[in-house]
Amino acid sequence: MTHTGNPFGQVLVALVTPMTADGEVDWPAVEKHIDDVINAGADGIVVTGTTGETSTLTDPEKLKLVEVGKDVAAGRAKIITGGGSNETAHAIELYKASEKAGADGIMIVTPYYNKPTQAGILTHFRLVADATDLPVILYDIPGRTGVPIKYETILRLAKHPNILAIKDAKGDFSEVSRVLNQTDLMYFSGDDANVLPHLAIGAAGLIGVTANVAAAPYRVIVDAVNRGDLKAATAAHQQLEPLVRAVMTHVPGTVSAKYILHGLGRISSPRVRLPLVGPEEWEAAAIEDELALVTGVDGADFSNFRPDRNAAAGGALPKVHGTTR
């Protein structure tokens, strides 16, 4: 399938999945949160990704997140389904179903736990991309999957007509530059601290966790880079730095983002599903210390921040467990 331009957007939010205190998906909160981040400037939403707790979502929940996202976005933002599976057959069926549910694109993570060879990675991505007409983003995050997508493999995958982009969480800027020079692939920054450096060397956009809390500054950064205004982009980047540190350095980004969003009154509960748990006392204190340094960030007014460490404590066991098949 031939795609022209960028079918994904530039400011993509790696969406958290709001849940109730007992760990069930809070669908009204999902709708509100998607609307909030779009109004703040996001033009793409990645549901059911790492930040969305894909590992503990059921397949029906994943498909409903696509459907709800499409309904709320109403054409204002692209809905990309993330996650996938480390079982190729399951990934194929899940992405086929996501396409039927209305997804605008798919993001395929490197198979995790199996630790396949590069030949296995190549085959996995090709077969999944063959199974859909949707545009594909590859997700390269060896810190979670155990294996990188090597340069030579990326070059081979770039020849597939449906594979249009990569979300990079390796932070190897020299490799990014090489791939951008050698292929037509778009790069999306998958590391909140490195969004501006990625954009500066030619990335198309970002898929960010911190954007759950404050999407507007990322819109500022992207728009400034688009018009060649490095000074404005750098100023927004520097303002965001303590918020990025609060979200990304003390506990998993999902946990901290929910903790912060709940403290801001934007979701009803900070609950995550086990084996994730809410921040311990010292972790919560570290997050709050970073937040005290945040000033002037559009959409992140912490003057009325009311964190609830008790509400965030522990993790939930949902009634229906996630399944690998």
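Note that the structure is a prediction, hence the values are computed from the model and not measured.
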Would [X] end up clustered with [Y] when hydrophobic side chains under 4.5 Å apart are linked, directly or stepwise?
| X | Y | result |
| --- | --- | --- |
| V30 | I79 | yes |
| V195 | M186 | no |
| V47 | Y218 | no |
| I34 | L264 | no |
| I163 | I121 | yes |

**Message:** Per the salt bridge (charged side-chain N to carboxylate O under 4.0 Å, His left out) rule, what does the pair list look like for residues 308-318, sequence neighbours excluded?
**Reply:**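 Matches after skipping sequence neighbours: E281-R309, E288-R309.
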**Request:** Just grab all the salt bridge (charged side-chain N to carboxylate O under 4.0 Å, His left out) pairs involving residues 255-268, residues at least two apart or on different chains.
**Result:**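 Only E53-K258 qualify under salt bridge (charged side-chain N to carboxylate O under 4.0 Å, His left out).
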When rounded to the nearest 0.5 angstrom, what distance separates [atom1] in [X] from [atom2] in [Y]?
| X | Y | atom1 | atom2 | value |
| --- | --- | --- | --- | --- |
| L206 | D192 | CG | CG | 7.5 Å |
| Q118 | T123 | CD | OG1 | 11.0 Å |
| I38 | K78 | CD1 | NZ | 12.0 Å |
| Y187 | E175 | OH | CD | 5.0 Å |
| I80 | S98 | CD1 | OG | 11.0 Å |
| T58 | E61 | OG1 | CD | 3.5 Å |

**Asked** So, is the end of the R144 side chain (NZ or CZ) under 6.0 Å from the ring centre of Y112 and within 45° of the ring's axis?
**Response**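 Pair R144/Y112 does not count as cation-pi.
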Is it true that [X] and [Y] have a side-chain N and a carboxylate O under 4.0 angstrom from each other?
| X | Y | result |
| --- | --- | --- |
| E152 | R156 | no |
| R227 | D223 | no |
| R76 | D35 | yes |

**Message:** Is there a side-chain contact (heavy atoms from CB on, under 4.5 Å) between I108 and I137? Walk through the geometry before answering.
**Reply:** CA-CA 6 Å; I108 314 172; I137 304 172; over 6 Å; no
**D184 atom CG: more than 12 heavy-atom contacts under 6.0 Å** =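 Open: at most 12 neighbouring heavy atoms sit under 6.0 Å from CG of D184.
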**Prompt:** NZ of K32: more than 12 outside heavy atoms within 6.0 angstrom?
**Reply:**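 Correct, the count exceeds 12.
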Is any side-chain heavy atom of [X] less than 4.5 Å from a side-chain heavy atom of [Y]?
| X | Y | result |
| --- | --- | --- |
| K167 | D140 | no |
| I106 | E99 | no |
| L240 | I221 | yes |
| K150 | L155 | no |
| L196 | V225 | yes |
| D298 | V220 | no |
| E31 | D71 | no |
| I267 | D26 | no |

Testing the basics here: between [X] and [Y], what is the closest heavy-atom pair and its distance to 0.1 Å?
| X | Y | answer |
| --- | --- | --- |
| T110 | Y139 | OG1-O, 3.1 Å |
| L243 | A300 | CD2-CB, 4.3 Å |
| A42 | A77 | O-CB, 4.1 Å |
| N6 | A204 | ND2-CB, 4.3 Å |
| G146 | K115 | O-CE, 3.9 Å |
| A312 | P279 | CB-CD, 4.1 Å |

[Y] backbone acceptor or donor facing [X] side chain under 3.5 Å:
| X | Y | answer |
| --- | --- | --- |
| N86 | Y113 | no |
| T153 | I149 | no |
| H198 | N194 | yes |
| R273 | T56 | yes |
| Y95 | G84 | yes |
| R271 | G23 | no |

**Prompt:** For the residue pair F188 and F8, does the interplanar ring angle fall in the parallel (under 30°), tilted (30 to 60°) or perpendicular (over 60°) class?
**Reply:**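 Rings of F188 and F8: perpendicular, over 60°.
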**Item:** Residue of the set V277, V272, I287 for which side-chain contact (heavy atoms from CB on, under 4.5 Å) holds with V255
**Value:**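 Result for side-chain contact (heavy atoms from CB on, under 4.5 Å) with V255: V272.
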**Request:** State which residue, out of L122, V179, L138, D168, fulfils the side-chain contact (heavy atoms from CB on, under 4.5 Å) condition with I154.
**Result:**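 Single side-chain contact (heavy atoms from CB on, under 4.5 Å) partner of I154 among L122, V179, L138, D168: V179.
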Donor on one side chain, acceptor on other, [X] and [Y], under 3.5 Å:
| X | Y | value |
| --- | --- | --- |
| D301 | S303 | yes |
| T210 | N212 | no |
| N226 | Q10 | yes |

**Request:** Could you walk me through whether D43 and R219 pass salt bridge (Lys or Arg N to Asp or Glu O under 4.0 Å), step by step?
**Result:** CA-CA 9 Å; D43 54 9; R219 184 81 262 166; 3.1 Å; yes
Side-chain donor-acceptor pairs of residues 12-21 under 3.5 Å, sequence neighbours excluded:
{"from": "T17", "atom 1": "OG1", "to": "G52", "atom 2": "O", "distance (Å)": "2.8"}
{"from": "T20", "atom 1": "OG1", "to": "D22", "atom 2": "OD1", "distance (Å)": "2.3"}
{"from": "T20", "atom 1": "OG1", "to": "E24", "atom 2": "N", "distance (Å)": "3.2"}
{"from": "T20", "atom 1": "OG1", "to": "E24", "atom 2": "O", "distance (Å)": "3.3"}

**Request:** I would like to know whether T54 and T48 meet side-chain hydrogen bond (donor to acceptor under 3.5 Å, both in side chains); could you show each step before the answer?
**Result:** CA-CA 5 Å; T54 184; T48 78; 4.8 Å; no
